[in-house]
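These figures come from a predicted structure and were not determined experimentally. Convention: sequence-line order gives letters A, B, ...; per-chain numbering from 1. For the numbers below, each heavy atom of this structure counts, side chains included, while hydrogens, waters and symmetry mates do not.
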Amino acid sequence: MHGRHQRSNVLSPARLGSPFMPTISELVDSGALVRIDVELAPHEQPMRLLYGTPDFVAWLQHVLDGASPPRPLAHMSAAEQIDDLFYSFLSGAPLAFNRQFRTIRAEDNAVWELKTPDVRIFGWFLAKDCFAAVFGNWADTIKDHDLYRGYRIAIRRLRRELEIDAGLCVKGDAPDDVLSL
Amino acid sequence: MTFFRFDIHARSRKAARLMGRVRRELLKAVMEERSAGLTQQELAQRLQAQRATINRQLSGEAEITLRGLADLAWALDREITVELRRPERPEGQNIPPMTSTVGHQPVRVITPKTRQD
């Protein structure tokens, strides 16, 4: 999957005064990002925010339509794994227990990976507790084709295209840098 | 599109979140015991199981049976609480959708009744 991100007048750097820096709301209004959620129980409120590029959302729809990894590891379907991953992220559940058991991992270039046994999701944190997903793929496919570096470069390029690399991007590489719970 | 709900079937959602919750509870207990000095090797020895098997269960790659859950709780010296209760709908809480947008289920559209109805 590669970025195909629309830009509109909202993101036009035609502002006077301070250097242009879009807000998250403007990124959503322009179509660059889509807000993503899952159903929470009546007593639950979202503790974190999740966004995705239009291409990432198209991949999610592909999974909802029944796509599955060629050699699944887990006993849950890919859609079930993603639902639980998004639920634990949005509801504020712990994501990192130690180096071995963690559903979140830092890559270079301020890129982060959310993971389940069969699924890998790559993106960056717009702000603490606010993740923007760019790529989703099967864990086996990413390992077999060594896609990590390409994803890191593409995500950094996207941030630069959106002119948010300096502002809407958390640079730390520890879970505490990007998660408050 | 400005909003997307990742909406799996309610039955799948119930299963996925129960399994995820059990796994997170077990991991929390494992980390607490590790802080107190219990290694994963010692945990495996208590259970007379392979460390790799336990790791696969904790990582979500292998299913945990009720027997396996009870054994892990025993080895970690934890009580298990099980309760099935009807959903509560106190006033002022969010009301979840009654229908799913996936699984080829028709979406139920509710309109106010008119005098003709």
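Taking both residues in full, the closest heavy atoms of A/Asp84 and B/Gly20 are given as OD2-CA, 3.3 Å, listed atom of the first, atom of the second, then distance. B/Arg24 approaches A/Ser88 most closely through the heavy-atom pair NH1-CB, 3.5 Å. Summarising the geometry of A/Asp83 relative to B/Ala16, their closest heavy-atom pair is OD2-CB, 4.4 Å, with the distance given to 0.1 Å.
Interface summary for chain B: among A/Leu85, A/Val28, A/Asn98, A/Leu50, the most heavy-atom pairs under 4.5 angstrom belong to A/Asn98. When each of B/Met1, B/Arg17, B/Met19 is scored by its heavy-atom pairs under 4.5 Å with chain A, the top score falls to B/Arg17. The candidate from B/Gln40, B/Arg56, B/Arg21, B/Arg23 with the greatest count of non-hydrogen atom pairs under 4.5 Å with chain A is B/Gln40.
Contact of the B/Phe4 side chain with the A/Gln61 side chain is registered, since non-hydrogen atoms from C-beta on lie closer than 4.5 Å.
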A/Gln100 vs B/Leu58, side chain to side chain contact (heavy atoms under 4.5 Å, CB included): CA-CA, chis, key distance, verdict: CA-CA 10 Å; A/Gln100 185 178 10; B/Leu58 294 174; over 6 Å; no

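Contacts of A/Phe86 with chain B are made by side-chain atoms alone, with heavy-atom separations under 4.5 Å and no backbone atom involved.
Here the CG atom belonging to B/Asp7 is positioned 9.0 Å from the CG atom belonging to A/Asp37, to the nearest 0.5 angstrom. For the atom pair CD1 (B/Ile8) and CG (A/Leu64), the distance works out to 8.0 Å, reported to the nearest 0.5 Å.
No more than 12 heavy atoms of other residues, nucleotides or ligands sit less than 6.0 Å from atom NZ of B/Lys14. Heavy atoms of other residues, nucleotides or ligands lying less than 6.0 angstrom from CD of B/Gln41 number more than 12.
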